[in-house]
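Residue numbers start from 1 in every chain, and the chains themselves are labelled A, B, ... in the order their sequence lines are given, proteins ahead of strands. What's counted below: heavy atoms across the whole structure, side chains too, no hydrogens, waters or symmetry copies.
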Amino acid sequence: MKPRFHALKGVEDILPPDTYLWRDIERKAMQAFGPCGFEEIKIPIIEHTELFLRSIGETTDIVEKEMYTFTDKGGRSVTLRPEGTAPVVRAYVEHNLATRPSPQKFFYRGPMFRYERPQKGRQRQFYQIGVEAFGVAEPGIDAEVIAMLIDFLEKAGLSSSLSLELNSIGCDVCRPDYKAKLREYFGGRLSELCPDCARRFEQNPLRILDCKVERCAALKQDAPLITDSLCEACRTHFDELKNLLGNLGIDYKLNPRMVRGLDYYTRTTFEVTTNLLGAQNAVAAGGRYDKLVEEFGGPPTPAIGFAAGTERLAALLQSTLKAPSPSLFIATLGAEASREALKMAVSLRRKGIWTEIGYGGASLKSQLRKADRTGAVYVFIIGEDELRERKAKWKNLKDGSSGEVRLEDAEGFIQNAGQRLA
RNA sequence: GUGGGCGUAGCUCAACGGCAGAGCACUGGACUGUGGCUCCAGGUGUUGUGGGUUCGAAACCCAUCGCCCACCCCA
């Protein structure tokens with residue numbers, strides 16, 4: 001038998017037991033975000049193409065070659081969201097959320113789409129859990145958001161093997177100066193740069209710092225650092241943030257060469273990386289975007305956010321996964337017993353107890369084998385003899401103990417057993 | 001978009017020019033109504049697809065599709 005259909009390249013099914021892990025990750029995120037006042041926002045996965053062009057930046061890789069863009073039946077150019085910040089900002093402006101008490105804090109989760117060649121830790125449809133906080137310019141909120149991210153990752157069970165990198169990439173005031181310095185520095189060595197970087201020199205010289213080609217790496221060794229070119233306001237903001245993180249006991253590594261791939265970032269940028277996922281080492285990343293709300297037609301509103309890659313978190317947590325299993329499996333012999341089992345199962349399930357029933361008129365042996373394979377803790381055996389005496393035989397598959405219980409007491413028996421196990 | 005690796009049973013893989021196999025898993029039995037352990041039996045295949053070379057191809061060649069990894073970039 002050969003499947004007639006298969007999933008698209010770079011698009012995966014997430015199956016149990018992995019879905020339990022995913023559910024757990026999202027639950028931990030909500031546990032971390034809730035006390036910080038972040039509320040869930042549901043945003044569309046499809047938007048006007050223009051939204052992403054204007055926010056992410058026309059010369060970024062995402063916009064240049066990775067967007068799922070098409071024309072809908074109404075002739076509009078639409079795009080499957082490649083990231084979550086732009087849609088949230090759009091919603092913030094569209095619904096006048098600035099009129100609510102500041103700060104407004106949101107989290108979202110769901111799929112993003114980027115047309116890239118898939119590889120380890122990178123899919124075309126991938127999931128993110130992200131947050132955005134609007135309306136606070138002070139570095140305190142930067143520290144809050146970063147602390148919340150660290151708290152989330154720790155709750156999820158991955159404090160080790162992760163490192164937090166921090167940078168400031170300046171603002172409208174100081175970044176032009178820095179770009180000029182970079183062009184001055186690389187200008188004389190243009191021929192030594194790789195072809196990609198030669199192109200970046202014109203479009204966005206900051207990206208040269210991110211290049212991994214060896215000869216560029218050597219060249220940029222002595223390149224001027226953004227952190228040496230920050231204006232007074234940006235410097236103060238950055239220094240204060242570092243102080244606050246220090247006070248909170250949050251370890252970080254300054255990385256003055258960290259450049260984010262989206263144009264809307266200002267000042268603070270940060271990234272949480274791991275060395276356990278191959279080449280795709282970013283687990284979560286974010287930063288401040290103080291101009292975006294205004295650019296989208298809202299009032300001048302400072303903002304900051306981050307997004308974490310759910311697949312990558314799940315990949316890091318894989319080994320500790322333990323899926324739940326049924327509390328009870330009812331094996332039956334005969335049609336009458338089968339009816340009795342169904343009644344009992346429906347009743348138990350209403351009480352929230354995971355109950356499975358043996359089907360197919362299979363032998364008791366095969367039903368028990370199936371019960372064992374489902375991981376059920378208890379089995380009830382109901383045959384003709386038991387039915388006549390209105391009782392069920394029970395067996396604990398974990399420790400092998402067994403006995404009998406009257407049918408009318410059976411539900412209570414399992415409920416009590418469940419409490420003992422819990 | 002570029003480079004490399006790999007496509008054989010549900011899964012992991014052998015066979016590397018001469019009859020397509022093993023382990024695991026699955027189903028049944030040994031044990032008429034008691035799982036796991038053991039033993040026995042059973043089924044699974046267009047060897048990704050199409051062409052070529054050859055007396056003979058899973059193997060060699062070409063093309064194509066798919067998957068994986070890496071570059072680029074990112075979560």
Stacked cation flag A:K242 on A:F238, 6.0 angstrom / 45 deg: yes
Heavy-atom neighbours of A:D72 CG exceed 12 at 6.0 Å: yes
Sugar-phosphate, base or nothing in reach of A:A308, heavy atoms under 4.0 Å: nothing
A:Q119 side chain near B:A70 phosphate (N/O to OP1/OP2, under 4.0 Å): yes
Sub-4.0 Å heavy-atom contacts from residues 50-66 of chain A onto RNA chain B, ordered by number: A:D61, A:K65, A:E66
Selected nucleotide, minimal atom distance to A:E311 side chain, candidates B:G66, B:A75, B:A70: B:A75
Electrostatic pair A:R406-A:E389, nearest N-O below 4.0 angstrom: no
d(CE, A:M67; P, B:A75) in whole Å: 15 Å
Dot-bracket summary - RNA chain B, pairs being Watson-Crick or G-U whose distances fall under 3.5 Å, with | when paired to another strand: (((((((..((((....[..)))).(((((.......))))).....(((((..]....))))))))))))....
A:E12 vs A:V283, nearer the 5' end of RNA chain B by closest nucleotide: A:E12
Annotated protein contacts, base or backbone, on nucleotides 30-43 of chain B with a non-hydrogen cut-off under 4.0 Å, one of B, S, - each: -B-BBBB-------
Face-on cation placement of A:R54 at A:F296 ring, 6.0 Å and 45° thresholds: no
